[in-house]
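Take a look at the structure below.
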Amino acid sequence: MQLLDNKVEFRKSLLSWYKEEKRDLPWRHTSNPYYIWVSEVMLQQTRVDTVIPYYERFIDKYPTMETLALAEENELLKMWEGLGYYSRVRNLQIGVQEVVESYGSEVPNNRKTISTLKGVGPYTAGAVLSIAYGIPEHAVDGNVMRVISRILLIEEDISVPKTKKIFEDVVMELIDKNDPSSFNQGLMELGATICTPKPKCLLCPVREYCSAFFEGKQEELPVKSKKLKKKIIPVASFAIRNEQGQWLMKQRPSKGLLANLWEFPMVELKGDATPLEALIEQYNITPIEPDELISFKHLFSHITWEVKSFLAHLTGMEKVPEEFQYFTSEEVEALPKAVPVLKIWEEIKNV
DNA sequence: AAACCGTGGCA
DNA sequence: TTGCCAAGGTT
């Protein structure tokens, strides 16, 4: 193969390009394994530009693993508010607690041990090991699969889980043992800036090693089959105020969608029940004079909510299910909420 | 293996 | 507007 015959030259081209062109990112100013770990978790399925402000705030608030280990759940979720995939931060805290308690606050420096930590999968393990410790381990993400699939003209379906091993093996074959950090980050940087879904091959530092470019097939790779259709779920959300001006809210279940985040009473709309009837049916709450607020769609990765929202009232003396509590506007502001709830809150916070 | 788990940017 | 997708992991 073209590439495998020229490994040394390929590494040199990639590394010199990376050292010259790499973006100046906050987590590239440190080799603290904990900071690298935080950045890698935030970057899972999330764009660099989105992550930067969250990363800065998070490290500022939790500068050490001990501070994160002791953080309270609502405060922690609030730091993650708007980032999505909220189980990431819960798992990160559990993983950090394990490191503090079982490994003397030293992030493990081998794949076997670090992979036992909550939320640390094959990619994150390899990323922390190579970037923080300089250990030659593969860190195969979507970027790397796109880049390598083009360079070696690999036409396996990358949506199939077992395909990833092909790329991990290739990376272990190619990786620069003198600078695994720059090599892995270089592959990702290339995927993020040049070897994008619509590639800019004329700017590519390694196009002379690229079989797909040679064949003119770069736009057809990587092969990716899966696309599931989103299920549509109509829901109604009731922002309910008592006579003291407090808001009725509940915490979502600790597992599943938007786990542990706070929301106004929300019901799924099925059949031909009205929103109010659905609310009474599910929670036995009967608010006074509901006024319709905004309606909108919120798209998750696998489902779509069609949200109708209402503003309504109770005296505050009525019986409500245990999981509900009244909060002042200031307290509501401090609770971690998902984006659809934030949207409703923005509409009513000043009434 | 396949489904679940968020969000915002962009063509 | 709709669909795709971006430094994945868990169950």
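Since the structure is predicted, the reported quantities are computational estimates derived from the model, not experimental observations.
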Looking for any heavy atom pair under 4.0 Å, which part of the strands does A:Leu299 touch: base, sugar-phosphate only, or nothing?
base

Testing the 3.5 Å rule here: is there a donor-acceptor pair between the side chains of A:Glu73 and A:Gln251?
yes

Pairwise P distance for B:dC5 and C:dA6, with rounding to whole Å
22 Å

Which whole-number value in Å describes the distance from A:Ile233 CD1 to B:dC4 C1'?
12 Å

What's A:Arg146 touching, base or sugar-phosphate or nothing? Going by heavy atoms closer than 4.0 Å.
sugar-phosphate

When A:Glu40 and A:Lys118 are each assigned the nearest nucleotide of DNA chain C, the 5'-most assignment goes to A:Glu40

Picking from B:dT7, C:dG8, B:dC5, the nucleotide nearest the side-chain atoms of A:Leu257 would be B:dC5

For a quick test of reading the model: is some side-chain N or O of A:Tyr86 closer than 4.0 Å to OP1 or OP2 of B:dT7?
yes

For atom P, what is the distance between B:dG6 and C:dT11, given to the nearest Å?
14 Å

Grab the NZ-P distance between A:Lys337 and B:dG6 for me, whole Å please.
17 Å

So if I take every side-chain heavy atom of A:Ser301 and compare against C:dG9, B:dT7, B:dC5, which nucleotide ends up nearest?
B:dC5

So what does A:Trp27 touch, heavy atoms closer than 4.0 Å: a base, only the sugar-phosphate, or nothing?
base

How would you label the contact of A:Leu25 with the nucleic acid (heavy atoms, under 4.0 Å): base, sugar-phosphate, or nothing?
base

What's the CD1-P distance between A:Ile303 and B:dA2, to the nearest Å?
21 Å

Roughly, in whole Å, what's the span from NZ in A:Lys198 to P in C:dA6?
12 Å

Is any N or O donor-acceptor pair between the side chain of A:Thr124 and the base of C:dG9 shorter than 3.5 Å?
no

Describe the nucleic acid contact of A:Thr46 in one word from base, sugar-phosphate, nothing, applying a heavy-atom distance below 4.0 Å.
base

Within-4.5 Å side-chain heavy-atom neighbours: A:Val144 and A:Met188
yes

Taking atom P of B:dG6 as reference, at what distance in whole Å does atom NZ of A:Lys230 sit?
13 Å

Is it true that A:Glu56 and A:Lys61 have a side-chain N and a carboxylate O under 4.0 angstrom from each other?
no

Taking only side-chain N and O atoms of A:His302, does any of them lie within less than 4.0 angstrom of OP1 or OP2 on B:dC5?
yes

Between NZ of A:Lys229 and C1' of C:dC5 the distance, given in whole Å, is 20 Å

Mind checking if A:Arg28 touches a base, just sugar-phosphate, or nothing, with heavy atoms under 4.0 Å?
base

Base, sugar-phosphate, or nothing: which does A:Ala338 touch, judged by heavy atoms less than 4.0 Å apart?
sugar-phosphate

Please determine whether a side-chain nitrogen or oxygen atom of A:Gln45 lies at a distance below 4.0 Å from atom OP1 or OP2 of C:dG8.
yes

I'd like to know if the side chain of A:Trp37 pairs up with that of A:Thr124 as donor and acceptor (distance under 3.5 Å, no hydrogens or angles considered).
no

What's the CG-P distance between A:Asp49 and C:dA6, to the nearest Å?
14 Å

Do the ring planes of A:Phe310 and A:Phe238 sit parallel (below 30°), tilted (30 to 60°) or perpendicular (above 60°)?
parallel

Earlier contact from the 5' end, DNA chain B, for A:Val160 and A:Leu261
A:Val160

For residues A:Arg207 and A:Gln218, is any side-chain donor paired with an opposing acceptor at under 3.5 Å?
no

When you measure from the side chain of A:Arg47, which nucleotide among C:dC5, B:dA1, B:dG6 comes out closest?
C:dC5

A:Ile114 CD1 - C:dG9 C1' separation (whole Å)
14 Å

